[in-house]
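Okay, so here's the structure we're looking at.
Protein chains get the first letters and strands the later ones, always in sequence-line order, with residue 1 at the start of each.
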There are 2 protein chains.
Amino acid sequence: MRRHGQRHWGGEFKGCGYRMTKPRQAILDVLGETDEHLSAEDIYQAVYKFYPNIGMTTVYRNLELLVDMSLIVRFDFGHGRAKYELTDQYSEKGHHHHLVCKKCNKVIDYSDFMNDEVKFLKSTEKGLSEIYKFRITDHLIQFLGICEECSKK
Amino acid sequence: MRRHGQRHWGGEFKGCGYRMTKPRQAILDVLGETDEHLSAEDIYQAVYKFYPNIGMTTVYRNLELLVDMSLIVRFDFGHGRAKYELTDQYSEKGHHHHLVCKKCNKVIDYSDFMNDEVKFLKSTEKGLSEIYKFRITDHLIQFLGICEECSKK
DNA sequence: GTTGGTAATGGGAATCACTACCAATAAGGG
DNA sequence: CCCTTATTGGTAGTGATTCCCATTACCAAC
């Protein structure tokens, strides 16, 4: 059941006690073939089409595992359900952040002005980790507001 | 039942069709008297102590309303329950962001390095709103990692 | 003060995303 | 090919939040 666009993830599962299974491959495939921000339910639906045996429990369990393995990232936009994306390094999108519309909940990816961001992050992360003795591993940057369509209404 | 620390919010409720009620005053009081990040349940418990008639539904409904009125802010740290704070302008904390520990879920407020942030935000917000025709009203900045206590374990 | 209309309340039932449990199954190293 | 152990998928739960609706509080006009 090898399909187009499938990536080989064996290496990531070697030596850590975890196994590469059909559901895991399927979930990673689905996330690798989309630009959208998928919920667990979305992923279940998509996987179901070519692997109808999949169970919702398995989807949730594996999403958690893949987040722990840093292959995927989980976002809580506060819209009720969590959304998942491949980690920057495995995604065609690369490093990006989100513009979130408060009205329609649409999420727009952007990867502009990363130079300004890097400068800001570098100084701020260094300062914060010293003051609060906090080992910073990641950041979350989002801009909220009203998208073009919603501002016309 | 006027208690210490109570603030007068009448002005914010004038002319918008909403009324200032006991539950609303109570919820705002509770949020005004704490530095913590309170969940709906936390707020219910705190209000219950001096207003035992309060209902959970009322708490949720009013939290939503107060968020719409921009008197309070809702945060989804992804820990299962939403947390609420007074908006910067009404809070003693002023403008701040959060350090979130991935292990113990602790949330630390910080308001350092705001100069760097302002510079970054100014240029980035301007650029993004032009490119994406997006009216930016707010931003969310968070640093994730491991706090001092957790890094010792 | 009474009335009338709308906003707001509170209780329980319902929903929705997610998790725990467990017997059955399937990786994958030896 | 076998054996150990990770993994699966179904069902029953859990916990946060929302819906529904009859009752109540507020406020302005008479």
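If you take CG of Asn62(A) and P of dT7(D), they are 8 Å apart, rounded to a whole angstrom. What separates NZ of Lys22(B) from C1' of dA7(C) is a distance of 16 Å, to the nearest Å. Atom CG in Asp68(A) sits roughly 12 Å away from atom P in dT7(D) (whole-Å rounding). Between Arg74(B) atom CZ and dT18(D) atom C1' the separation is 12 Å, expressed in whole Å. Distance, Leu63(B) CG to dA8(C) C1': 15 Å, rounded to whole Å. Rounded to an integer number of Å, the gap from Gln25(B) CD to dA25(D) P is 18 Å. For the pair Met56(A) CE and dT14(D) P, the computed distance is 20 Å after rounding to whole Å.
No hydrogens or angles considered: nothing links the side chains of Glu85(B) and Tyr90(B) as a donor-acceptor pair under 3.5 Å.
Rounding to the nearest 0.5 Å places CZ of Phe113(B) at 16.0 Å from CZ of Phe120(B).
Each of dG10(C), dT18(D), dT7(D) was ranked by its minimum atom distance to the side chain of Ile54(B); first place goes to dG10(C). Distance from the side chain of Tyr51(B) is smallest for dG10(C) among the nucleotides dT17(D), dT6(C), dG10(C). Of the candidates dT18(D), dA27(C), dG9(D), dG9(D) carries the atom nearest the Asn53(A) side chain, counting heavy atoms from C-beta on. Side-chain proximity of Thr21(B) to the nucleotides dA6(D), dA8(C), dG9(D) is greatest for dA8(C). Which of dG9(D), dT4(D), dT9(C) sits closest to the side chain of Arg19(A) comes down to dT4(D).
Contact check, Tyr60(A) against dT19(C): no side-chain N or O comes under 4.0 Å of OP1 or OP2. Applying the 4.0 Å criterion to OP1 and OP2 of dT9(C), one finds that Arg24(B) has a side-chain N or O inside that range.
Aromatic ring pairs are classed by plane angle as parallel below 30°, tilted from 30° to 60° and perpendicular above 60°; the pair His95(A) and His97(A) is perpendicular. Using the six-membered ring where Trp is involved, His96(B) and His98(B) have ring planes that are perpendicular, over 60° apart on the 30 and 60° scheme.
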Using a cut-off of under 3.5 Å, enumerate the N/O to N/O pairs linking the protein to nucleotides 20-22 of chain C.
| residue | atom | partner | partner atom | Å |
| --- | --- | --- | --- | --- |
| dA20(C) | N6 | Thr57(A) | OG1 | 3.2 |

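Both Ala40(B) and Gly17(A) lie close to DNA chain D; mapped to their nearest nucleotides by heavy-atom distance, the more 5′-ward contact belongs to Gly17(A). Remark on DNA chain C: of its neighbouring residues Gly80(A) and Gly55(B), the 5'-side contact belongs to Gly55(B), judged by nearest-heavy-atom nucleotide. DNA chain D is contacted by both Lys14(B) and Ala82(B); Ala82(B) maps to the nucleotide lying nearer its 5′ end (nearest heavy atom per residue).
Using a 4.0 Å cut-off between a side-chain N of Lys or Arg and a carboxylate O of Asp or Glu, Asp35(A) and Lys93(A) do not qualify as a salt bridge.
The closest side-chain heavy-atom distance from Lys126(A) to Ile136(A) is not below 4.5 Å. Within the 4.5 Å cutoff, side-chain heavy atoms of Tyr84(A) are placed close to those of Ile72(A).
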